[in-house]
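By convention here, the first residue in the shown sequence is residue 1.
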Amino acid sequence: MAKISRDSDIVELTADPIFDYGAKVKSTKTVRNDGTYAGKDIGEILVRKGDIGYVTSIGTFLQQFYIYAVDFVDTGHRVGMRGKELESVDTKPAAQAEVTGATA
């Protein structure tokens, strides 16, 4: 059984979640099935680094961390991930972002 890294000095739950429901996010790492994903073999890749998904729910783990359920639409997998394993994807088109910045 794999060791669980508690990062004992970190308690994310003292602050608001990093991502909101429906947020478009990108995986910063490849995720393999550790045996908790039904219907897939242990070690099978569920999410590849760079895959895009949407936050569908927010839970907690070990009374310490937020866990984001992310629906990766292209693969059809819904995987729980920590905030440090995700990054936000800007949903504004570049042209609109420039216009918005120019008016400020």
Worksheet item: About how many Å separate CZ of Arg82 and CD of Gln64, when rounded to the nearest 0.5 Å?
Response: 7.5 Å
Worksheet item: Closest approach of Lys26 and Ile52, non-hydrogen atoms and distance?
Response: CB-CD1, 3.8 Å
Worksheet item: Taking atom CD of Gln63 and atom CG of Leu13, what is their separation to the nearest 0.5 Å?
Response: 8.5 Å
Practice prompt. Answer yes if the side chains of Arg78 and Thr56 hold a donor-acceptor pair under 3.5 Å, and no otherwise.
Written response: yes
Worksheet entry | Atom of Lys49, atom of Thr30 and distance for their closest heavy-atom approach | N-OG1, 3.3 Å
Worksheet item: In Å and rounded to the nearest 0.5 Å, what is the CD1 to CZ distance from Ile58 to Phe19?
Response: 9.5 Å
Worksheet, complete the sentence: Gly35 and Ile42 have their tightest heavy-atom pair at CA-CG1, 3.7 Å
Worksheet item: When clusters are formed by joining ILVMFWY residues with side-chain heavy atoms under 4.5 Å apart, either directly or through shared neighbours, do Ile45 and Phe72 land in the same one?
Response: no
Worksheet item: Just how far is it from atom CZ of Phe65 to atom CE of Met81, taken to the nearest 0.5 Å?
Response: 14.5 Å
Worksheet item: Mind checking whether Tyr68 and Tyr66 have parallel, tilted or perpendicular rings, split at 30° and 60°?
Response: tilted
Practice prompt. State plainly whether one hydrophobic cluster holds both Tyr21 and Leu86, where clusters connect Ile, Leu, Val, Met, Phe, Trp and Tyr through side-chain heavy atoms under 4.5 angstrom apart.
Written response: yes
Practice prompt. Just do the side-chain contact (heavy atoms from CB on, under 4.5 Å) check on Val55 and Val25 with the steps written out, would you?
Written response: CA-CA 7 Å; Val55 175; Val25 294; 4.1 Å; yes
Worksheet item: Hey, what do you get for CZ (Arg32) to CG (Asp41), rounding to the nearest 0.5 Å?
Response: 12.0 Å
Item to complete: Any chance you could measure Lys40, atom NZ, to Leu46, atom CG, to the nearest 0.5 Å?
Response: 7.5 Å
